[in-house]
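Written below as structure tokens is the structure these notes are about.
The shown structure was predicted, so the numbers you read here are calculated from the model rather than taken from an experiment. Residue numbers start at 1 and run along the sequence shown.
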Amino acid sequence: KPEEGWSEGIKLVLSDDGRLLTNFGVFFFGCDSYVTFADTFELATQKRTSYNLENQAMADLALSPDARTAVFARTAGCVNQEQPAWSQTCGLFPGFEVYAMQHWDLTAGKFRDLPAGVSPDWSPDGTRIAFVLDGIYVMSADGSAQTRLTDGGFFSPAWSPNGKQLVFSSSSSRDGA
């Protein structure tokens, strides 16, 4: 149940400074019916804040380095109406349609649209965000200045600690095997 919080979450994220844990979960009841929550937990004060994000089929969450803002990626609730929302063997079945990511001001509780994408990752200085759509992209933290770095077949971008390099995974092998 969403009110039980952490045990059902999809991803637990620790802020770069080690002071804040963030978790989110999506509970699918059907293609158009789901509940999404996000929690923040301040380790020093033991303060937990829960957010109900309405019908946001959240696919991923990335905290900014200062932990004041986050970006979350959204997808369709499911592929089609006949698709079951839950399978005992596979778990949740989110859809494949990718929606605009959301920039989330954790303090003010305000959201604004960013370009569509998944797997957001903040640069260590908080000025850029890498993400995946039909390749790997980098944009300014405000969503402007999008630059495509690769074509499709790459995923999971991650910045080097100094922010000068970006690594990512590939779905193809070098030797074509």
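Although no hydrogens or angles enter the test, the distance criterion places no donor-acceptor pair under 3.5 Å between the side chain of R112 and the main chain of D105. Using modelled atom types, no side-chain atom of W104 and backbone atom of F72 make a donor-acceptor pair closer than 3.5 Å. For D121 (side chain) and W159 (main-chain N/O), a donor-acceptor pair under 3.5 Å exists by modelled atom type. Checked by atom type and distance alone, the side chain of S140 never pairs as donor or acceptor with a backbone atom of A145 at under 3.5 Å.
The minimum heavy-atom distance between A141 and G126, with the atom names listed, is CB-O, 3.5 Å. What you find for W122 and P65 is that their closest heavy atoms are CB-CD, 3.9 Å. Here the closest heavy-atom approach between residue S170 and residue F155 is recorded as C-CE2, 3.7 Å. The shortest heavy-atom contact between M139 and S144 is CB-O, 3.5 Å. Of all non-hydrogen atoms in M101 and G117, the two that sit nearest each other are CG-O, 3.2 Å. Across G163 and R128, no two heavy atoms sit closer than the pair O-NH2, 2.9 Å.
Between S119 and P157, some side-chain heavy-atom pair lies under the 4.5 Å cut-off. With contacts defined as side-chain heavy-atom distances shorter than 4.5 Å, the pair Q102/D113 qualifies. S15 has its side chain out of reach of T22: every pair of non-hydrogen atoms, C-beta onward, lies at least 4.5 Å apart. Two residues are said to be in side-chain contact when any heavy atoms from C-beta on lie closer than 4.5 Å; V132 and V118 meet this criterion.
With hydrophobic clusters built from ILVMFWY side chains whose heavy atoms lie under 4.5 angstrom apart, F111 shares a cluster with L61. Note on L149 and V167: separate hydrophobic clusters, where clusters join Ile, Leu, Val, Met, Phe, Trp and Tyr whose side-chain heavy atoms are under 4.5 Å apart, directly or indirectly.
By the side chain to side chain contact (heavy atoms under 4.5 Å, CB included) test, K47 is found to be paired with E42, T45, T49, residues two or more places apart in sequence or in another chain being considered.
Of the options V71, I129, T69, L106, a side-chain contact (heavy atoms from CB on, under 4.5 Å) to S64 is made by T69 and by none of the others. Applying side-chain contact (heavy atoms from CB on, under 4.5 Å) to R148 and the options D134, V138, I136, L133 leaves one that passes, D134.
In this structure, the separation between CG on D125 and CG on D66 is 11.0 Å, given to the nearest 0.5 Å. Atom NZ of K164 sits about 13.0 Å away from atom OG of S123, to the nearest 0.5 Å.
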Requested in this report: Using the side chain to side chain contact (heavy atoms under 4.5 Å, CB included) rule, take L43 and L14 through it: C-alpha gap first, then chi angles, then the decisive distance, then the call.
Outcome: CA-CA 10 Å; L43 296 172; L14 179 64; 4.1 Å; yes

Query raised in the report: Can you check side chain to side chain contact (heavy atoms under 4.5 Å, CB included) on F168 and S156, steps first, answer last?
Result: CA-CA 5 Å; F168 42 85; S156 302; 5.8 Å; no

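In Q165, the CD atom is not crowded: 12 or fewer heavy atoms of neighbouring residues, nucleotides or ligands sit closer than 6.0 Å. Environment of CZ in R68: sparse, with no more than 12 heavy atoms of neighbouring residues, nucleotides or ligands closer than 6.0 Å.
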